[in-house]
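Contents: one structure, followed by commentary.
The model shown is predicted, which means the values in this text are computed figures rather than measured ones. Note that the numbering runs from 1 along the sequence shown for the chain.
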Amino acid sequence: MEAQAPWRVLEFYSGIGGMRYSLASSGVRAEVVEAFDINDVANDVYERNFGHRPCQGNIQTLTASDLDKYKAHAWLLSPPCQPYTRQGLQKHSADARAFSFIKILNLMQNMNFPPQMLFVENVVGFEVSDTHDQLIEVLSSLNFNTQEFILSPLQFGVPYSRPRYFCLAKHESMCFHNPSVNNKLLRTPTCLTLNSSTTQNSYEQNEDVLEAVCKPIRDFLQIHIMDTVDQDCSATTSDFKKAGGCTPSETGSHDYTVPLSLIEWWGNAMDIVYPESKRCCCFTKSYYRYVKGTGSLLATSKDHKPVPKENLEFSSLNELGLRFFSPREVANLHSFPSSFCFPDHISLRQQYAMLGNSLSVAVVAPLLRYLFAEA
């Protein structure tokens with residue numbers, strides 16, 4: 001019997017390849033026939049890891065006939081999140097960074113060979129935006145069923161709190177394995193299992209309960225990185241005060257140590273975790289540049305046991321051996337494969353920024369497996 005041809009997939013806003021790694025990890029028999037991204041640095045990373053350079057240019061310039069020629073069965077999209085973040089202006093569809101996504105959604109209505117499946121990833125907050133309303137309106141007009149999720153790596157055993165919104169859409173000619181949750185927004189991944197015997201209690205939403213079943217952070221660390229603090233850091237408190245908590249420029253040696261003066265000024269705002277911890281905060285694109293709200297810091301001193309942050313004084317913080325997570329460790333917490341790497345010319349800050357804009361393979365892979373599964 002002739003083997004079924006692989007699904008043809010288009011990847012939009014491909015970044016450094018998180019979506020493609022997720023597709024590979026899902027086990028789905030699929031072929032990425034083209035990827036699109038406007039960022040030339042991200043495309044350098046993508047090309048380094050996949051041997052294919054995404055089509056670089058403004059997605060808004062694409063036409064329906066451009067997309068028809070690929071005859072893709074599925075579109076995977078991770079559009080810019082800035083219009084929907086809590087820290088942003090929340091201009092939603094009025095933000096110029098949302099225009100390209102809206103444009104390609106509308107192109108679907110004019111295509112001869114529109115996709116049969118869509119997968120959209122974005123930040124929590126997208127689901128209450130007017131861009132989301134337009135997404136659902138277009139999909140409904142084209143007779144798609146949708147299943148929406150807000151999920152975090154914590155729900156998949158990874159000690160990383162990064163909740164994200166996901167929309168899975170299938171044309172009505174194709175059925176989801178669990179159609180009973182069509183047109184619903186779910187906050188647990190229970191229905192993703194293709195085993196009907198799985199119970200609703202298989203996944204807990206309470207983070208304290210989720211942490212108990214997560215792997216410890218030490219499983220995601222690079223053991224060769226120095227775990228002691230250089231006590232002779234020369235940066236002054238005023239340097240960081242003026243920069244709003246900004247770290248000094250990276251050096252060739254990639255010193256991940258948190259300067260003492262930065263600890264003194266921003267210690268109360270730092271999220272500190274330990275190798276035995278089972279949860280760390282989301283790493284943003286500003287990690288390493290700033291410490292407040294950008295991701296967790298790792299305490300490496302072997303002489304100190306975990307202490308609640310509110311009970312720590314500066315002298316105690318000073319003795320924790322605080323350092324930043326390395327880009328490789330951030331990639332590990334995003335569940336990227338060990339083969340993933342950055343080209344040599346990519347700076348440390350660029351690495352953190354692109355990882356902060358990426359996604360969790362541990363979450364997206366099972367979602368894609370579920371999306372492509374035939375009922």
*Is there a donor in the side chain of Ser347 and an acceptor in the side chain of Gln350, or the other way round, less than 3.5 Å apart?*
yes
*Any side-chain donor-acceptor pair under 3.5 Å between Ser100 and Tyr13?*
yes
_Given Phe324, which partner from the list Tyr287, Tyr352, Tyr290 fulfils the ring-ring contact (aromatic ring centres under 6.0 Å, His included) test?_
Tyr287
*Would you please name every residue forming a side-chain contact (heavy atoms from CB on, under 4.5 Å) with Ser296, sequence neighbours left out?*
Asp271, Val273, Cys280, Cys281, Phe325
*Taking side-chain contact (heavy atoms from CB on, under 4.5 Å) as the test, write out the residues that go with Glu172, two or more places apart.*
Asn143, Asn145
*What residues form a salt bridge (charged side-chain N to carboxylate O under 4.0 Å, His left out) with Glu31, not counting sequence neighbours?*
none
Would the distance check show the side chain of [X] and the main-chain N or O of [Y] forming a donor-acceptor pair, the cut-off being under 3.5 Å?
X: Lys278; Y: Pro216; value: no
X: Ser358; Y: Leu355; value: no
X: Asn39; Y: Ala42; value: yes
X: Thr61; Y: Asn58; value: yes

*Does a sphere of radius 6.0 Å around CZ in Arg48 hold more than 12 heavy atoms from other residues, nucleotides or ligands, not counting ones at 6.0 Å or beyond?*
no
*asked:* Is it true that, when you exclude Gln56 itself, more than 12 heavy atoms of the residues, nucleotides or ligands shown sit nearer than 6.0 Å to its CD?
replied: yes
_Aromatic ring pairing Phe176/Tyr370, orientation class (parallel under 30°, perpendicular over 60°, tilted between)_ = parallel
*Using 30° and 60° as the class limits, which term best fits the ring planes of Phe336 and His334: parallel, tilted or perpendicular?*
perpendicular
For [X], side chain to side chain donor-acceptor pair (under 3.5 Å) partners two or more places apart:
X: Glu121; answer: Ser78
X: Ser65; answer: Thr63
X: Glu34; answer: His52

*Using the side-chain contact (heavy atoms from CB on, under 4.5 Å) rule, take Ile217 and Glu276 through it: C-alpha gap first, then chi angles, then the decisive distance, then the call.*
CA-CA 6 Å; Ile217 285 173; Glu276 58 267 38; over 6 Å; no
Side-chain heavy atoms of [X] within contact of [Y], under 4.5 Å:
X: Tyr21; Y: Pro337; answer: yes
X: Leu151; Y: Arg164; answer: no
X: Ser301; Y: Glu319; answer: no
X: Ile59; Y: Leu62; answer: yes

*If two hydrophobic side chains count as joined below 4.5 Å and joins carry through other members, does Leu77 share a cluster with Ile38?*
no
_Quick check: is Leu186 connected to Phe119 through a chain of hydrophobic side chains (ILVMFWY, heavy atoms under 4.5 Å apart)?_
yes
*Are Asp255 and Arg323 close enough for a salt bridge, meaning some N to O gap below 4.0 Å?*
no
_Evaluation steps, side-chain contact (heavy atoms from CB on, under 4.5 Å), between Tyr46 and Ile16_ = CA-CA 5 Å; Tyr46 191 103; Ile16 59 175; 5.9 Å; no
